[in-house]
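Atom set for the values below is all heavy atoms of this structure, side chains included, hydrogens, waters and symmetry mates excluded. We name chains A, B, ... by the order of the sequence lines, and we start the count at 1 in each one.
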Amino acid sequence: MSLQLTAGAIQEIMSGGNVDKPILQVLGQKKIAGGNGADRYRLLLSDGYHSHSSAMLATQLNSMIDNNELEKFTVIELQKYICNTIQEGRRVMILLEMNVVSSGGDVGATIGNPVAYKPGQPKTDIPAQPAAQPTGQPAATNGASAPKISKPNTPARGGFYNKGPAAAAAQQSPAAPNTPGGSAQRIFPISHLTPYQNRWCIRARCTNKSAIRTWSNSRGEGKLFSMNFRDESKEIRATAFKEEVDKYHEMIEVNKVYYIQKGTLKTANKQYSNVDNDYEMTFNRETIVTLCEEETDLPSVSFKFIAINELGNNPPDTIIDVLGVCKSASDMNVVIGKTSQKEIKKRDLDLVDQSGVSVRMTLWGNDAENFDGSATPVIAVKGCKMSDFGGRSLSVLSSSQMIINPDIEEAHTLRGWYDSVGSSMDFDTYKRDDSQSSGGGHSANWKNFSQVVSENLGHGDKADYFTSKATVMFLKRENCMYMACPSESCNKKLVDNNNGTYRCEKCSKEYDTYKWCMILNARLSDHTDQQWATCFQESAETLLGRPASEIGAVKDSGDETAFDNLFQEATFKQFIFKLRTKMETYNEESRLKTVCVNVSPVNHEEYSKKLIEDIQRLTTK
DNA sequence: CCCCCCCC
């Protein structure tokens, strides 16, 4: 039998291209002192035309060295590899999976006349290499069998490698003309991923994987699951839909490390996760995920625990991490969903920590069914939803990761505290926040302007009302006044007949007088953010400190300086604003519209009382 | 392309 090396493969790979399953010859190996006890091997490879010494054997293939499978002259078929660019554009191949085509002893000689490949050298046209004749036992052993005979003696890793980077990318390269060469890319830190380029390969640990969930809405239906991946630089959330669910849900396991290429990146919606990344990834049909079996120092699951007494200082309807002892758990019970009318299993846990506060956390479905709280376990939840029901309460989502008795330092500390002290303590509980929800619609619902944004006020079905203390920064005086119908309750804008009379379309009447009305846009500011608000008549009059008629009279006088001064004098004053905010859509364009419902001067005594209450609430919880 | 996570 004859052995044909993939001539030109080394040049192609080293210049950033991709070659699917090249046949190469091992011409040498060198052991490199490994950092953490793991030996690393560097192979001298040849394609018969070029040789290349910067090929690192993935450590999971070290057994091939130990078993003398990669002796000099061995011919291999390289199934999976990646190509990392290190400084000054130098590329290093990492050999992830290979088959021995013919053993070194069987081949017994260098095939072709390989010369050392020099990076950056101009590409040469490489003639097909003449086949070499193995010098070992000729037909007897090799002749009858297919070239890919010898299976490396490595741990089973079957399904994970069914479509590694090289193979998959090779199939794609014709369809991806903008990414010539496909997969031979260096490892990117997750922090460098952006939607603006697609040629990257990350190596990251899966730190969370959700269950499969189905959806059905007006835009269609399907199934999906989401994952988190983490490397030294950052974490990123990734979602797989439909076919990619079938492809990856079983394959991807929490805590394992993967090479990932060619995901779609888009801006993350922070509302739905607490992963610290502006982007998130969607797996598409070109995405390539390959298990990395090498030892890595990649960080594993990390939490940003919020102490239970601090939950109240964080905005509701956000995703957070929490750690607590399950002091008690209800039996599982079944409720009927309001909209779905389906039975839903739920179980409420009482979670406590060293802060001396307890909070209710609800488990749903299988989580509720399978939970056993009899041993008062420590529970860590990454990505649970916090709402303001009952002050604060938590809900474990299907995308949350709940770990019972996690092996992390905080959990051990908490366990020790609970067993010695906590188990006999009384805990404070969150209570319905009266400033937000009691009373007949005159409740304050104090928010600062950054909370208006972070809590997504105005994005729900109903308008949100909130109260803020703020300073008037700017009043837009252009078009802030209009001539309105003089009748008592009608504020309709009049049509000027230009003959000294005015018509009200609403009252179907002509008038020879009008009254001035105001719609005044104001830019407000507090210590956290700015907020535009529309102020109608009474609010505008309060801000400007005079009746609209008086302002209109100045306008009528034609004294523009005097008119400007009225607005100038009104800026930089503080008021208590009651505001209403709602997303409104005109011509398919949505924008948040915030209207001033009421303005009042700051009553400093009352406002101080509120501040004192805030402080007390913060310090006693 | 989801982003619902239900109940009190």
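- B:dC5 has no base stacking with the ring of A:W364 when judged by centroids under 5.5 angstrom apart and an interplanar angle below 30°.
- Atom CE in A:M281 sits roughly 21 Å away from atom P in B:dC3 (whole-Å rounding).
- If you take CE of A:M332 and P of B:dC8, they are 17 Å apart, rounded to a whole angstrom.
- Between A:D464 and A:R580 there is no salt bridge, since no side-chain N of the basic residue sits under 4.0 Å from a carboxylate O of the acidic one.
- Remark: the A:E244 side chain and the B:dC1 base include no donor-acceptor N/O pair separated by less than 3.5 Å.
- Closest to the side chain of A:K242, out of B:dC7, B:dC5, B:dC1, is B:dC1.
- Counting atom types as modelled, A:K346 pairs no side-chain N or O with a base atom of B:dC6 as donor and acceptor under 3.5 Å.
- Checking B:dC6, B:dC8, B:dC3 against every side-chain atom of A:F389, the shortest atom distance belongs to B:dC8.
- Nucleic acid contact for A:N217: sugar-phosphate only, since backbone atoms but no base atoms lie under 4.0 Å from a heavy atom of the residue.
- Within the 4.0 angstrom heavy-atom criterion, no nucleotide atom of any strand lies near A:E343.
- Contact annotation: A:S399 side-chain N/O to B:dC2 OP1/OP2 distance is not under 4.0 Å.
- Side-chain N or O atoms of A:N277 include none that pairs as donor or acceptor with a backbone N or O of A:E280 at under 3.5 Å.
- Not a single donor-acceptor contact under 3.5 angstrom links the side-chain atoms of A:R213 to the base of B:dC5.
- Residue A:E606 qualifies as open at atom CD: its count of foreign heavy atoms under 6.0 Å is 12 or below.
- Atom pair A:D388:CG and B:dC8:C1' shows a separation of 13 Å (rounding to whole Å applied).
- Between the C1' atom of B:dC5 and the CD1 atom of A:I320 lies a distance of 15 Å, rounded to the nearest Å.
- Picking from B:dC8, B:dC3, B:dC5 the nucleotide with the shortest atom distance to the side chain of A:W215 gives B:dC3.
- Protein atom CZ of A:F241 is 13 Å distant from nucleotide atom P of B:dC4, rounded to whole Å.
- Within the nucleic acid shown, A:K385 comes within 4.0 Å of sugar-phosphate atoms alone, with no base atom in reach, counting heavy atoms only.
- Between B:dC8, B:dC5, B:dC3, one nucleotide has an atom nearer to the side chain of A:S398 than all others, and that is B:dC5.
- Taking the six-membered ring for Trp and thresholds of 30 and 60 degrees, A:Y279 and A:Y196 have ring planes more than 60 degrees apart, a perpendicular arrangement.
- Residue contacts for A:R237: at a heavy-atom cut-off of 4.0 Å it reaches a base atom on one of the strands shown.
- Within 4.0 Å of A:K223, counting heavy atoms only, lies no atom of the nucleic acid at all.
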Query - Worked verdict on A:R237 versus A:T282 for side-chain hydrogen bond (donor to acceptor under 3.5 Å, both in side chains) - result: CA-CA 9 Å; A:R237 185 171 182 242; A:T282 303; over 6 Å; no
